[in-house]
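Everything numeric in this text was worked out from a predicted model, so none of it was measured.
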Amino acid sequence: MWSVVKDLRVVLILAAAMSSVVMAYSGGDGSVGNPYQIDNKADLLELGATPEDYGKCFILTSDIDLAGETFTEAVIAPDMDNYELGFQGFVFTGSFNGDGHIIKNLTIKATDKDYVGLIGYQDRGKVYKLGVENIDITGRGSVGGLVGYNSGTIIACYATDAVTGYTSVGGLVGENAGLITACYATGAVTGDANGGGLVGWHSSGTITACYATGSVSESSEAAGGLVGYRESGIITACFWDIQSSGQAGGSGGKGLTTEQMKTLSIFQNAGWADQGWVINNGEDYPRLSWENTEGVPIPLPQDNPFIGSGTANDPYLIFTPQEFILLNKYSGVLNKYIKLMENLDLNGFTMYPIGDLGSFSGVFDGNGHTISNVIIHLPSNDYVGLFSYVGPCGKIQNLGIENLTITGRDYVGGLVGYADYSDIENCYITGAVNGDEFFIGGIVGYNRFSTILASHAAVSVSGSSISDYVGGLIGCNDSGVIGYSYAVSVVTGDAFVG
């Protein structure tokens with residue numbers, strides 16, 4: 001008899017345990033094949049209050065309205081005190097599939113907290129196909145509309161409305177050290193330092209095929225329409241609206257007018273095909289296909305007008321100023337071989353840096369020719385030069401640049417703003433290079449693990465009264481190699497001036 005009762009109790013306990021697993025959230029078991037289902041506000045709050053589940057898989061099965069709730073920290077993964085003590089389970093490392101749904105009316109008032117957003121801290125986790133709308137988020141540092149700090153992956157997401165903080169404040173992400181792709185933000189961003197329409201501080205990682213349109217208000221330093229401050233990392237084929245943001249510059253991406261931001265061909269030639277975007281050409285900004293808005297999928301890039309195929313044996317050939325300027329508009333040329341076939345006079349032409357759509361990692365051979373009368377005036381932009389960002393593995397050779405005038409903010413050089421694991425050989429510059437605060441050089445603003453050989457500069461290199469790292473040849477040389485090169489320059493700045 002006792003054996004029968006004991007067996008019955010075991011069966012009942014197992015049944016209860018199985019029932020509790022089935023009933024967690026609105027279904028699922030948290031696995032890849034059967035994620036936990038978040039169907040309502042109670043499910044979302046349960047996720048936030050259950051850090052032991054932060055490594056599991058979730059799927060949003062309905063739109064969720066958080067109206068009437070005011071949070072005092074991030075909804076998910078807010079507890080950084082425990083994380084810093086070594087409890088890794090207090091950061092989000094799982095996956096959250098929005099499945100084309102939205103979370104709206106999220107209000108967070110956390111003026112004394114860092115890592116503030118729907119998700120406070122994501123480390124190796126993944127969020128995708130999710131929109132957050134009508135948000136009102138206030139924090140201190142690393143504050144974002146979707147994620148406060150991201151070192152994971154965010155794909156096909158968007159955020160709208162207001163984000164406010166002190167430092168590292170972004171419409172979508174406060175601080176990014178991971179991957180953000182095919183995302184956008186439209187909300188107003190307010191902060192004292194490192195404020196960006198999409199990301200406040202891009203410390204590392206990659207941002208690709210993204211845009212921002214929200215206003216960015218900064219009372220201090222490092223504001224940007226797309227990214228406030230870019231410490232390192234990659235930004236490819238990204239844009240912001242210079243009119244709606246109120247920001248003419250930034251630390252990555254390309255600024256466009258509102259009209260340009262609604263033009264299909266710009267995103268087409270930047271390589272946005274097959275990224276999940278649609279656009280109603282001339283009527284609206286690009287939208288994510290899962291939003292089911294009007295528009296057509298962004299097609300593959302148009303054929304570029306250059307002779308050649310971009311290979312070492314058959315490089316693209318540049319004969320005219322018009323062709324040279326077009327190099328700035330096609331992201332597909334950035335890893336190709338390019339050869340200059342004539343001397344070019346850019347007097348009267350508007351020029352933007354090559355590489356602000358992404359790092360130039362190809363080979364540009366000046367072929368012994370010159371480019372003269374270049375004017376690039378972007379005083380609010382970082383990474384400014386004839387080439388914005390070169391490397392890894394990029395190379396510029398056999399090129400003369402005469403009578404140029406370059407104006408940027410930080411990382412400013414006559415030839416290259418930022419050279420990273422790249423090569424510059426047999427090049428020269430004459431003219432003027434002007435920057436604001438950091439890393440301003442006659443040929444290269446910031447030289448990182450790159451080689452400069454047989455090159456020289458005869459330029460006026462000017463910083464402001466607070467400029468650091470200003471040099472006639474290079475603003476700052478970080479583990480790079482310089483050989484057989486010289487500068488004959490007038491150099492002004494504050495500290496570390498050479």
- request: May I ask you to decide if Ser232's main-chain N or O and Ser204's side chain share a donor-acceptor pair within less than 3.5 Å?
  value: no

message: Can a side-chain donor-acceptor contact be found between Asp314 and Ser309 if the only test is distance below 3.5 angstrom?
response: yes

query: Under the side chain to side chain contact (heavy atoms under 4.5 Å, CB included) criterion, do Phe239 and Thr213 qualify, and how do the steps go?
result: CA-CA 9 Å; Phe239 304 91; Thr213 65; over 6 Å; no

- request: With the side chain counted from C-beta on, respond yes when Leu44 and Val75 share a heavy-atom pair under 4.5 Å apart, and no when they do not.
  value: yes

- prompt: So, Thr50 side chain and Asp53 main chain: donor-acceptor pair closer than 3.5 Å or not?
  reply: no

message: So, taking the atom named CG in Leu118 and the one named CG in Leu146, what distance separates them when rounded to the nearest 0.5 Å?
response: 6.0 Å

query: Between Ser361 and Pro392, what is the shortest heavy-atom contact and its length?
result: CB-O, 3.3 Å

- prompt: For the residue pair Ala212 and Gly225, what are the closest heavy atoms and their distance?
  reply: CB-O, 3.6 Å

message: So for atom OH, which belongs to Tyr330, do other residues, nucleotides or ligands contribute more than 12 heavy atoms lying within a distance under 6.0 Å?
response: yes

- request: For Asn313 and Thr311, test the side chains for any donor-to-acceptor distance below 3.5 angstrom and give the result as yes or no.
  value: no

query: Can a cation-pi geometry be assigned to Lys262 and Tyr285, taking NZ or CZ under 6.0 Å from the six-membered ring centre and within 45° of the ring axis?
result: yes

task: State whether the side chain of Asp43 and the backbone N or O of Ile38 hold a donor-acceptor pair below 3.5 Å, judged by distance alone.
output: no

task: Answer yes or no: is there a side-chain heavy-atom contact under 4.5 Å between Leu326 and Pro305?
output: yes

- request: Report yes or no: is the cationic atom of Lys126 (NZ for Lys, CZ for Arg) closer than 6.0 Å to the six-membered ring centre of Tyr128, at no more than 45° off its axis?
  value: yes

Heavy-atom pair of closest approach, residues Lys336 and Phe360: O-CZ, 4.1 Å

Donor-acceptor pair between Asn367 and Asn398 side chains, under 3.5 angstrom: no

query: Can you find a heavy atom in the side chain of Phe306 that is under 4.5 Å from one in the side chain of Leu327?
result: yes

task: Taking atom types as modelled, find out whether Tyr229 and Asp382 have a side-chain donor-acceptor pair closer than 3.5 angstrom.
output: no

message: Checking side-chain polar atoms at under 3.5 Å, does Ser151 have a donor or acceptor matched by the opposite partner on Asp123?
response: yes

- prompt: Counting only N and O atoms by type, is there a donor-acceptor contact under 3.5 Å from the side chain of Thr263 to the main-chain atoms of Ser265?
  reply: no

query: Could you go step by step and tell me if Asp136 and Thr107 meet the side-chain hydrogen bond (donor to acceptor under 3.5 Å, both in side chains) rule?
result: CA-CA 5 Å; Asp136 183 5; Thr107 299; 5.0 Å; no

message: The test is side-chain hydrogen bond (donor to acceptor under 3.5 Å, both in side chains); show your working for Thr181 and Thr208 and say whether it passes.
response: CA-CA 5 Å; Thr181 187; Thr208 181; 4.7 Å; no

- prompt: Hey, does Ile396 have a side-chain heavy atom less than 4.5 Å from the side chain of Val416?
  reply: yes

List the atom pairs, with distances to 0.1 Å, where a side-chain N or O of residues 152-171 and a protein N or O form a donor-acceptor pair under 3.5 Å, not counting sequence neighbours.
from	atom 1	to	atom 2	distance (Å)
Tyr158	OH	Glu133	OE2	2.4
Thr160	OG1	Asn134	N	3.0
Asp161	OD2	Asn134	N	2.9

query: Would a 4.5 Å heavy-atom cut-off, applied to side chains only, mark Leu264 and Ile266 as touching?
result: no

query: Given the side-chain rings of Tyr389 and Tyr411, with only the six-membered ring counted for Trp, is the space between their centroids under 6.0 Å?
result: no

- request: Determine whether Ile119 and Val127 make a side-chain contact, defined as any pair of heavy atoms from C-beta on separated by less than 4.5 Å.
  value: yes

message: Restricting to non-hydrogen atoms, name the atom on Ile59 and the atom on Pro35 that form the minimum distance, rounded to 0.1 Å.
response: CG2-CG, 3.8 Å

- request: Given side-chain hydrogen bond (donor to acceptor under 3.5 Å, both in side chains), test Gln397 with Asp423 step by step and report yes or no.
  value: CA-CA 8 Å; Gln397 62 187 13; Asp423 294 302; over 6 Å; no

query: Looking only at atom types and distance, does a side-chain atom of Gln268 sit under 3.5 Å from a main-chain N or O of Ile298, one as donor and one as acceptor?
result: no

- prompt: Of the non-hydrogen atoms in Ser62 and Leu60, which two are nearest, and what is the gap between them?
  reply: O-CG, 3.3 Å

- prompt: Is it true that a side-chain atom of Thr407 and a backbone atom of His377 form a donor plus acceptor pair closer than 3.5 Å?
  reply: no

- prompt: Is Tyr337 atom OH crowded by more than 12 heavy atoms from other residues, nucleotides or ligands, each under 6.0 Å away?
  reply: no

- request: Taking Asp241 for its side chain and Ser244 for its backbone only, find out whether a donor-acceptor pair lies under 3.5 Å.
  value: yes

task: Supply the atom-to-atom distance Lys41 NZ to Glu69 CD, rounded to the nearest 0.5 angstrom.
output: 4.0 Å

query: Hey, what's the ring geometry for Phe387 with Phe364, parallel, tilted or perpendicular (30° and 60° as the breaks)?
result: perpendicular

field: Aromatic centroids of Tyr211 and Trp277 separated by under 6.0 Å
entry: yes

- prompt: Do Ile354 and Leu334 have side chains that get closer than 4.5 Å, going by heavy atoms?
  reply: yes

message: If I compare all heavy atoms of Ser388 with all of Gly355, which pair ends up nearest, and what's the gap?
response: CB-C, 3.7 Å

query: Between Asn328 and Lys254, do the side chains contain an N or O donor and an N or O acceptor separated by less than 3.5 Å?
result: yes

- prompt: So, Tyr316 versus Asn304: side-chain donor-acceptor pair below 3.5 Å or not?
  reply: yes

- request: Output the distance between atom CG (Leu47) and atom OH (Tyr54), rounded to the nearest 0.5 Å.
  value: 6.5 Å

query: Are Tyr383 and Tyr446 an aromatic pair by the rule of ring centers under 6.0 Å?
result: no

Spatial distance of atom OG1 (Thr350) from atom CD1 (Ile375) [nearest 0.5 Å]: 9.0 Å

- prompt: What class does the angle between the rings of Tyr121 and Tyr149 fall in, given that below 30° is parallel, 30 to 60° is tilted and above 60° is perpendicular?
  reply: parallel

Gap separating the CD atom of Glu291 from the CD1 atom of Ile102, nearest 0.5 angstrom: 9.5 Å

Close aromatic pair by centroid cut-off 6.0 Å: Phe449 and Tyr421: yes

message: So, taking the atom named CD1 in Ile371 and the one named CG in Leu340, what distance separates them when rounded to the nearest 0.5 Å?
response: 5.5 Å

query: Would Arg409 and Asp436 satisfy salt bridge (charged side-chain N to carboxylate O under 4.0 Å, His left out), going step by step from the backbone distance to the final call?
result: CA-CA 5 Å; Arg409 186 168 65 178; Asp436 183 24; 6.0 Å; no

message: Are there over 12 heavy-atom neighbours, none belonging to Lys329, within less than 6.0 Å of that residue's NZ?
response: no

pair Thr293-Asp284: side-chain heavy atoms closer than 4.5 Å: no

task: Show your reasoning for whether side chain to side chain contact (heavy atoms under 4.5 Å, CB included) applies to Tyr418 and Val390.
output: CA-CA 6 Å; Tyr418 191 111; Val390 176; over 6 Å; no

task: Apply the test side chain to side chain contact (heavy atoms under 4.5 Å, CB included) to residues Ile180 and Leu172: give CA-CA distance (whole Å), side-chain angles for both, the deciding distance (0.1 Å), then the verdict.
output: CA-CA 10 Å; Ile180 304 173; Leu172 189 79; 4.0 Å; yes

task: Kindly determine whether Met261 and Thr258 satisfy side chain to side chain contact (heavy atoms under 4.5 Å, CB included), including the steps that lead there.
output: CA-CA 5 Å; Met261 288 288 295; Thr258 301; 5.5 Å; no

